[in-house]
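Notes follow once the structure below has been shown.
In listed order, ligands and their atoms are each counted from 1. Computed from a prediction, not measured in an experiment: that's the story for all the values here. Numbering starts at 1 and runs along the sequence shown.
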Amino acid sequence: MRMLLIHADYLEYEVRDKALKNPEPISDEQRKGRLDEVLAVFISVEKVDEANPEEVVGKAVAEIEDVAKQVKAERIFVYPFAHLSSELAKPDVALEVLKKIEEKLKEKGYEVKRAPFGYYKAFKLSCKGHPLAELSRTIVPEEGVSK
Ligand SMILES: NCC(=O)N[C@H]1[C@@H](O)[C@H](n2cnc3c(N)ncnc32)O[C@@H]1CO
């Protein structure tokens, strides 16, 4: 899994066209979204993650929470983003991983939004520009590490 984490004044998106034949079903309300004072997490779920999705969910949540605490962010935007890797996981696995990350972050008390999966989306992002405002993380399940 590849993550790009941006501490931002805001992130807002608007759904445009389908990017998959069967994108995630969404309500009219989900066609637009915005969070202010947010840690935006752009995530590419990778093929290697299919070996142990539960493990990568746990590791991703730990990494996201670590950064959120460092930048003092209480809101998190989970954003599916298929452009951080050339070895993408299958959509059904990726969606489940992203939903679990959202769920676990909510359980930890964060205000969380997740952008819809399987669509092209217009988005606006205002990066804060401080030294920890732009970070990336790579996560693999143990089995994914070359021996
Ligand atoms: N910017 C627009 C976009 O990325 N759209 C992507 C994601 O929303 C989602 N998607 C599909 N596979 C994955 C994956 N492995 N990881 C994350 N998202 C995925 O499906 C769209 C087409 O790839």
Side-chain angles (χ1 to χ4, degrees), residues 1-68 70-71 73 75-108 110-129 132-146:
M1 176 186 296
R2 304 288 173 124
M3 300 198 295
L4 174 63
L5 303 99
I6 304 290
H7 191 205
D9 297 320
Y10 67 86
L11 168 62
E12 64 182 30
Y13 75 83
E14 184 169 357
V15 166
R16 290 285 193 268
D17 299 330
K18 290 182 179 181
L20 291 176
K21 188 158 169 280
N22 298 306
E24 176 186 15
I26 55 171
S27 64
D28 287 346
E29 188 194 15
Q30 288 174 291
R31 296 194 66 80
K32 289 184 180 180
R34 177 186 171 109
L35 280 179
D36 294 292
E37 294 306 313
V38 64
L39 178 61
V41 188
F42 297 86
I43 299 177
S44 286
V45 184
E46 296 185 288
K47 184 69 72 192
V48 69
D49 302 325
E50 294 178 0
N52 195 332
E54 292 74 28
E55 186 182 357
V56 292
V57 166
K59 287 181 175 180
V61 169
E63 288 290 345
I64 294 167
E65 183 162 36
D66 177 54
V67 173
Q70 288 185 64
V71 302
R75 293 184 200 88
I76 298 169
F77 221 128
V78 176
Y79 201 99
F81 199 70
H83 315 286
L84 301 175
S85 171
S86 55
E87 299 279 325
L88 292 175
K90 295 181 300 212
D92 57 329
V93 173
L95 178 54
E96 279 315 302
V97 165
L98 292 163
K99 284 180 174 178
K100 286 269 190 328
I101 289 171
E102 174 191 16
E103 181 187 316
K104 289 189 178 302
L105 288 169
K106 285 179 176 173
E107 286 168 7
K108 286 177 175 286
Y110 291 97
E111 180 182 346
V112 185
K113 277 187 188 278
R114 179 174 58 80
F117 184 95
Y119 298 90
Y120 298 113
K121 296 178 283 297
F123 72 88
K124 292 178 183 169
L125 176 65
S126 174
C127 175
K128 286 183 176 291
L132 294 178
E134 301 161 281
L135 298 170
S136 63
R137 294 286 187 274
T138 299
I139 292 163
V140 291
E142 282 313 302
E143 298 80 70
V145 178
S146 52

Are the side chains of L5 and I64 in contact, using a 4.5 Å heavy-atom criterion?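 Contact flag for I64/L5 side chains = yes.
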Flag side-chain contact, heavy atom, 4.5 Å: M1 against T138: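 No, their side chains stay 4.5 Å or more apart.
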For [X], counting its heavy atoms only, list the atoms of ligand 1 lying under 4.0 Å from any of them.
X	answer
L88	15 (N)
P80	4 (O), 8 (O), 18 (N)
S44	16 (N)

Parallel under 30°, tilted from 30 to 60°, perpendicular over 60°: which one fits the rings of Y79 and F42?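 If you compare the ring of Y79 with that of F42, the planes turn out tilted.
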Measure H83 to ligand 1 on non-hydrogen atoms and call it side chain, backbone, both or neither using the 4.0 Å cut-off.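 For H83, the contact with ligand 1 is made by the side chain alone.
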Side chain, backbone, both or neither: which part of A94 has a heavy atom under 4.0 Å from ligand 1?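 Only the side chain of A94 comes within reach of ligand 1.
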Identify, for [atom], the protein heavy atom at the shortest distance, and state residue, atom and that distance.
atom	answer
atom 19 (C) of ligand 1	F117 CE1, 3.5 Å
atom 17 (C) of ligand 1	I43 O, 3.4 Å
atom 22 (C) of ligand 1	A19 CB, 3.7 Å
atom 5 (N) of ligand 1	Y119 O, 3.5 Å

Would E102 and K106 pass as an ion pair if we require N to O under 4.0 Å?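 Yes, this pair counts.
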Can a salt bridge be assigned to the pair E12 and K32 using a cut-off of 4.0 Å between side-chain N and carboxylate O? no
Could you go through the side chain to side chain contact (heavy atoms under 4.5 Å, CB included) check for K59 and E142 one step at a time? CA-CA 11 Å; K59 287 181 175 180; E142 282 313 302; 2.9 Å; yes
Evaluate [X] for polar contact with ligand 1, using N/O atom pairs at a separation under 3.5 Å.
X	answer
G118	yes
A82	yes
V45	yes

From CA spacing to verdict: side chain to side chain contact (heavy atoms under 4.5 Å, CB included), K90, E96: CA-CA 10 Å; K90 295 181 300 212; E96 279 315 302; over 6 Å; no
So among L35, I101, V78, which one has a side-chain contact (heavy atoms from CB on, under 4.5 Å) with V112? V78
